[in-house]
Structures are given as structure tokens and as C-alpha cells.
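None of these values were measured; they are calculated from a predicted model. Proteins get letters first, then strands, A, B, ... in listed order; numbering begins at 1 in each.
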There are 2 protein chains.
Amino acid sequence: VTIRRIKIVVEYNGSGYHGWQIQQNAHTVQAEIENAIFAITGEKVRVAGAGRTDAGVHAYGQTAHFDTKAAIPAEKFQYALNAVLPKDIAVISSEAAEPGFHARYSATGKTYQYKILNRKARSPLAENLAWHIPEPLDFDQMKTASSLFTGMHDFSSFCASGHNIKDFTRTITESSWSRENGYLVYTIRGSGFLYKMVRTIVGTMVEIGLGKRSPDTVPELLTNKNREMAGITAPPFGLYLVSVDYD
Amino acid sequence: VTIRRIKIVVEYNGSGYHGWQIQQNAHTVQAEIENAIFAITGEKVRVAGAGRTDAGVHAYGQTAHFDTKAAIPAEKFQYALNAVLPKDIAVISSEAAEPGFHARYSATGKTYQYKILNRKARSPLAENLAWHIPEPLDFDQMKTASSLFTGMHDFSSFCASGHNIKDFTRTITESSWSRENGYLVYTIRGSGFLYKMVRTIVGTMVEIGLGKRSPDTVPELLTNKNREMAGITAPPFGLYLVSVDYD
């Protein structure tokens with residue numbers, strides 16, 4: 001029996017989960033997928049994701065892989081898995097992985113989006129799907145700030161502590177705001193991201209939008225390498241892992 | 001003490017409700033709003049909505065009114081109500097109604113949208129918020145069909161039975177499809193709508209998109225006044241009451 005590696009792209013509503021990664025006594029996306037694979041193949045496999053997402057964070061295109069001896073054709077795994085996965089998780093594509101493929105180590109970049117609802121009333125249709133900010137935001141100032149994150153920078157000031165990381169340098173190829181369907185949507189694409197980096201960047205830009213700080217402070221923040229100086233961490237439920245890039 | 005009439009615009013996620021209108025032993029949006037008004041004013045009032053929405057149907061802009069003796073300023077009702085309403089209902093504006101205003105009888109038109117997700121995999125982030133159709137749809141044929149509903153027509157063929165209505169003539173001023181954020185979105189605006197009319201129009205257009213019938217059959221359907229000839233009723237969870245027009 002040959003062992004094949006299957007690559008899957010996964011969408012999920014993270015509202016009901018303690019994030020992607022398996023933890024003891026916690027409801028996680030990875031555990032649900034491993035359970036679904038067991039249900040259809042009888043195999044206890046480990047699913048490797050491109051990156052962890054925190055509790056409450058959503059994904060349009062988390063990417064993962066697993067190894068299987070099951071005779072199910074690679075493209076059919078998505079249908080089999082979706083039949084047993086809970087409604088808040090779906091496999092949107094499955095295929096045979098290229099030789100040597102690893103969801104995490106082969107990734108060359110990731111794209112995230114962050115959605116803000118900027119109006120007085122909260123939105124039942126955006127509940128747990130966007131950050132509701134009732135105060136007026138200066139969107140032009142936020143746009144100006146967003147452009148300052150592109151390029152190669154040390155993002156120490158935008159990284160939550162408690163992780164054993166030595167190199168805080170990351171390259172950001174896109175960092176921009178747009179208006180979509182009544183939401184303010186921030187898109188950031190880069191080679192890699194530090195822990196809570198996107199949410200800290202968003203929280204800092206919201207403080208700029210509220211007039212609490214100026215876009216001019218962004219280059220300083222990048223230079224000073226001090227998390228205390230950056231803004232608040234935006235809540236998880238506005239964040240979406242949109243896609244993972246591979247060569 | 002003067003009695004004032006308050007006009008409110010309401011957004012809701014209809015997934016958890018048996019529709020707008022109060023019914024015995026059922027969870028309804030109207031009942032939740034009446035309970036919220038009682039909680040803040042102590043008054044047992046009747047809330048009149050512009051129109052009923054069925055179980056599972058959503059609203060961005062349902063409009064309603066109620067009469068109150070409470071001293072709360074009209075514009076402040078939204079904040080007071082949102083503090084006590086459940087998370088899947090919110091008042092997005094409140095104001096003093098014009099003299100003679102009635103949410104239902106003063107309405108001159110309504111706009112609805114219907115969202116379809118046309119891709120193979122179901123979407124956790126669109127769960128209960130769009131109709132998932134995995135088969136390919138001929139969107140051009142659906143667009144052609146949509147234009148045939150504009151104008152003044154007898155919509156008997158698109159009206160669910162069981163209602164004591166004599167005049168089935170309605171005027172449609174907009175009927176069009178667009179692509180928005182990965183969804184196929186149908187917008188229909190008109191003077192008024194019959195029971196399940198939008199969902200029957202959408203179900204018929206989906207049958208056209210699936211190649212089961214031709215757009216040419218739409219004028220016949222409008223002429224023949226026979227519900228049996230029209231298409232299926234699209235499911236409620238893709239439908240949104242977007243706004244109600246007043247002069």
C-alpha cells in the first residue's frame with residue numbers, strides 16, 4: 001500500500017473554536033479535521049496546517065496536509081470530509097500534494113484580511129465576523145499608515161511576547177485598506193507573520209484612525225522594537241486567513 | 001403625557017427565528033423587539049413592521065413603528081433597545097415618525113436581495129446566509145431572465161397560495177444580478193411583493209441557470225397565471241429585506 005500526501009484548503013468560521021491547533025480539552029479546527037479523516041478512513045493521522053490561527057480567527061483558505069493509505073482519490077477527499085465535518089468547517093479543495101510538499105515549510109507567503117464595521121449600531125449579520133467600531137475613523141490616515149508597513153522590517157514592536165523567536169524580520173508585499181460592502185477591509189500579504197502581528201498592526205492603525213496617534217509614528221515603531229509602544233491588539237473575530245502561497 | 005410614534009430600522013439575522021411576525025409559542029423578531037421596548041419603558045406596545053419576513057429570512061433594513069409615552073428622545077431609542085436586544089437583532093436607526101406615518105401603509109416600495117454561493121464546496125462563513133448551489137449556473141441566462149420581470153405584471157404564477165389576495169399586479173422597477181464578493185446577488189425593487197414572490201422568481205431563475213428551462217418561458221409564466229408552471233421556491237436563508245421606501 002502506498003502512502004500518499006493530500007493537500008487540502010480549508011474554510012472555517014472560527015467563532016466556536018479555540019483556534020486551529022490541537023490542545024487538550026479544547027475544541028479546535030485541527031482536531032475536527034483529524035476526527036473527520038478517521039471517520040472516513042479509519043486512520044489516526046496528524047494534519048499539518050500552514051499556520052496556527054487563534055481562537056475566534058476565521059479562514060477562507062487555511063492550507064494543510066496529511067498522509068494516508070486510503071484508496072480514496074485525492075480530489076474526492078473534499079466531498080467525503082465535508083459530509084462528516086461540522087457546518088462551520090469545510091474543505092474547499094483536495095489534491096495530491098507535489099513531492100516534498102509540506103503545508104507549513106513549503107509556504108512562501110500568506111494573505112490575511114481584517115474587517116471593521118465602522119457605524120454607530122452593531123450588526124447582527126456581522127456578529128463575530130468583524131470588529132465593530134462605533135466612533136468615526138479617519139480612513140485616509142489609516143490608509144497612509146498602512147502603506148508604511150510594506151517592505152522588509154523588524155516587526156518586534158508588533159509581536160506578542162512569550163514566543164521563542166530570534167528573527168523578527170518579515171517582508172510585507174501588500175498592506176492596504178479598501179471599502180467592501182460596508183466594511184473597511186485591510187489586506188496584508190507577506191513572507192511570514194509573527195504572533196498576533198496582524199492584529200497589533202490593525203489595532204495601531206485604528207488608534208491612528210481615532211486620532212490617538214499619527215501615521216508618522218509608524219516608522220518610529222518599526223525602529224524602536226518595543227511592543228509597549230504599539231497599539232492595542234485588535235480582537236480575533238475580525239481576522240481572516242485568506243490564502244497561503246506556495247511556489 | 002403625549003404619545004409619540006417612533007420609526008425604527010432593524011437589521012436581523014433570521015436564522016434563529018420563525019420570521020418577523022408574532023405567533024403563539026414561536027421565537028419571532030417582532031416579539032423580541034416588543035419585549036425590548038417593555039424592558040426599557042415598561043410599556044406593552046404593538047410594533048408594526050413594513051412587511052412580514054418568513055422563518056430564516058434576514059433583514060438589513062426592516063422598518064417598523066410603535067407608539068410610546070416614554071420620555072426617551074427618539075434618536076436614543078436605538079441605543080437603549082440595542083442594549084437589551086439579542087445579538088441577532090439590532091435597531092440601526094430610530095427617529096420621530098412624520099405625522100400620519102405607518103410602517104406598512106406608508107411604504108411605497110421595498111428592495112430585496114437574494115444571495116447564491118455557486119461553487120462546489122459549501123461555505124462555513126456563508127452558513128444560513130446564502131443558497132449554496134454546487135452545479136454550474138449559466139449566469140448570462142439568469143441575467144437575461146431577470147430583466148423580463150421589470151415593469152407592471154400580474155405575478156399570480158409567482159405567488160404561494162393560501163392568501164386572500166385579489167390583485168396580483170405589482171410593479172418591479174429593478175431586477176438584476178451582480179457578482180459581489182464571490183456571491184451571485186439578485187436585487188429586486190418594487191411597489192410591493194406577493195407571498196414568497198421573490199423566492200419563486202429566484203427559484204425559477206436558478207432552473208434557467210441550470211438549463212432546465214429557457215429565459216423565453218418567463219413572459220409565458222407571467223401571462224399564464226399558474227403557480228404550478230413556475231420554478232421551485234428558493235430557500236429562505238438566502239433572502240434579505242434590504243430597505244423599505246417611503247415618500
* Structure fact -> Taking a cut-off of under 4.5 angstrom between non-hydrogen atoms, the residues of residues 57-64 of chain B near chain A are B/H58, B/A59, B/Y60

* Where along residues 80-94 of chain B does a heavy atom come under 4.5 Å of chain A, listed by residue number? -> B/N82, B/L85, B/P86, B/K87, B/D88, B/I89, B/A90, B/V91, B/I92

* Side-chain ion pair, A/R119 and B/E11, N-O less than 4.0 Å -> yes

* **For chain B, the option from A/S15, A/G14, A/A121 that forms the most heavy-atom pairs under 4.5 Å** => A/A121

* To do: Inspect the surroundings of CD in A/E43 and state if more than 12 heavy atoms from other residues, nucleotides or ligands are less than 6.0 Å away.
  => yes

* To do: State whether the number of non-hydrogen atoms from other residues, nucleotides or ligands found under 6.0 Å of A/E174 atom CD is greater than 12.
  => yes

* **Inter-residue atom distance A/N13.CG - B/L129.CG, 0.5 Å rounding** => 9.5 Å

* Can you tell if the side chain of B/N181 reaches within under 4.5 Å of the side chain of A/E180, non-hydrogen atoms only? -> yes

